[in-house]
Amino acid sequence: MDWTAAFSALCDRLEHAQDAAFVTQHEVAVEGRTAARYSTYDSTAQRLLFGMMPTGNTSHAHEYRLLFAVPALDEAGLDDWWQYAQAVERALVRPDTHHEFSMVSLILAVGAVDRATCKKLKRLSGERSFADGKQGWSSIRVAVVDLAARKVYTNRMGDALKNVLKPLL
């Protein structure tokens with residue numbers, strides 16, 4: 001398998017398959033690392049009481065998708081990427097009184113990953129709830145895309161991301 005070609009094809013398929021509301025940039029530096037694709041989705045909506053009555057306030061929600069090329073991933077590398085994901089979440093998620101939720105979706109396209117790393121990935125969990133004048137929650141979703149085996153592995157919150165990526169392989 002030509003890993004570079006497979007990664008390039010994944011980048012193109014992901015960009016074209018995602019919802020049109022995403023805004024995608026190529027080769028963007030985010031918290032000191034360059035993502036091959038950086039896609040953002042921002043939603044602002046009127047807040048409704050009981051889902052029916054307008055309150056006069058708005059709420060906002062966000063998703064940040066970052067796609068990286070990682071030729072080989074082991075447990076130490078996963079630890080490094082997890083720390084990076086936490087730093088990205090702290091930098092990008094800006095809760096306020098109108099915040100509903102934010103998701104940081106880290107996608108690592110790999111050429112090789114071992115079973116122990118995949119098991120460790122499944123145990124990773126990064127959710128925060130906000131208080132003290134801030135509202136909503138945030139979550140870190142991590143997906144490891146094994147291009148050679150055509151498999152997607154995710155952490156606890158990553159199942160929805162897996163459903164997005166699996167058809168692209």
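Source: prediction; values computed, not measured.
In this structure, NE2 in His26 is found 8.0 Å from OG in Ser39, a value given to the nearest 0.5 Å. Atom OG1 of Thr117 is separated from atom CG of Leu108 by 11.5 Å, given to the nearest 0.5 angstrom. With rounding to the nearest 0.5 angstrom, the CZ atom of Arg156 is 9.0 Å from the CZ atom of Arg123. Taking SG of Cys11 as the start and NE2 of His16 as the end, the distance is 11.0 Å to the nearest 0.5 Å.
Membership of an apolar cluster is not assigned to Met157, as no side-chain contact below 4.5 Å to another ILVMFWY residue is traced.
Partners of Lys120 by salt bridge (charged side-chain N to carboxylate O under 4.0 Å, His left out), not counting sequence neighbours, listed by chain and number: Asp79. Partners of Asp12 according to the side chain to side chain donor-acceptor pair (under 3.5 Å) rule, which considers only residues two or more places apart in sequence or in another chain, are Arg37. Under the rule for a side chain to side chain donor-acceptor pair (under 3.5 Å), Asn163 has no partner lying at least two apart in sequence or in another chain. For Lys122, the salt bridge (charged side-chain N to carboxylate O under 4.0 Å, His left out) partners at least two apart in sequence or on another chain are Asp159. Among residues two or more places apart in sequence or in another chain, the salt bridge (charged side-chain N to carboxylate O under 4.0 Å, His left out) test is passed with Arg33 by Asp80.
Taking every heavy atom of both residues into account, Ala109 and Leu10 meet most closely at CB-CD2, 3.9 Å. For the residue pair Asp146 and Gly111, the shortest heavy atom distance occurs at OD1-O, 4.0 Å. The shortest non-hydrogen separation linking Lys162 to Val152 is CE-O, 3.2 Å. The shortest heavy-atom contact between Leu73 and Trp81 is CD1-CD1, 3.9 Å. Taking all atoms of both residues into account, the shortest heavy-atom contact from Leu78 to Leu121 is CD2-N, 3.6 Å.
Ring planes of Phe7 and Trp3: parallel class, angle under 30° (limits at 30 and 60°).
Taking hydrophobic clusters as Ile, Leu, Val, Met, Phe, Trp and Tyr residues chained together by side-chain heavy-atom distances below 4.5 Å, Leu66 shares a cluster with Trp82. Hydrophobic clustering places Leu161 together with Leu169 (ILVMFWY residues linked when any side-chain heavy atoms are closer than 4.5 Å, directly or through intermediates). When hydrophobic clusters are built by joining Ile, Leu, Val, Met, Phe, Trp and Tyr residues whose side-chain heavy atoms come closer than 4.5 Å, directly or via intermediates, Tyr153 is grouped together with Val70.
Checking Val30, Thr24, Val23, Leu67 one by one against Tyr38, the side chain to side chain contact (heavy atoms under 4.5 Å, CB included) holds for a single residue, Val30.
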Determine whether Glu63 and Arg141 satisfy the following criterion, salt bridge (charged side-chain N to carboxylate O under 4.0 Å, His left out), listing intermediate values before the conclusion. CA-CA 10 Å; Glu63 182 177 355; Arg141 307 185 311 176; 2.6 Å; yes
Run the side-chain contact (heavy atoms from CB on, under 4.5 Å) check on Thr154 and Leu165 step by step: do they pass? CA-CA 11 Å; Thr154 63; Leu165 295 169; over 6 Å; no
Would you check, one step at a time, whether the test side-chain contact (heavy atoms from CB on, under 4.5 Å) holds for Tyr64 with Val88? CA-CA 9 Å; Tyr64 308 97; Val88 168; 5.8 Å; no
Would you check, one step at a time, whether the test side-chain contact (heavy atoms from CB on, under 4.5 Å) holds for Gln18 with Val164? CA-CA 8 Å; Gln18 66 192 359; Val164 170; 5.8 Å; no
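No more than 12 heavy atoms of other residues, nucleotides or ligands sit less than 6.0 Å from atom NZ of Lys119. Summarising the local packing, CZ of Arg150 is surrounded by 12 or fewer heavy atoms from other residues, nucleotides or ligands at distances under 6.0 Å.
At a threshold of 4.5 Å between non-hydrogen side-chain atoms, the residues Leu106 and Tyr84 count as touching. In this structure, Val104 and Val142 have side chains that are not in contact, with every pair of non-hydrogen atoms separated by 4.5 Å or more.
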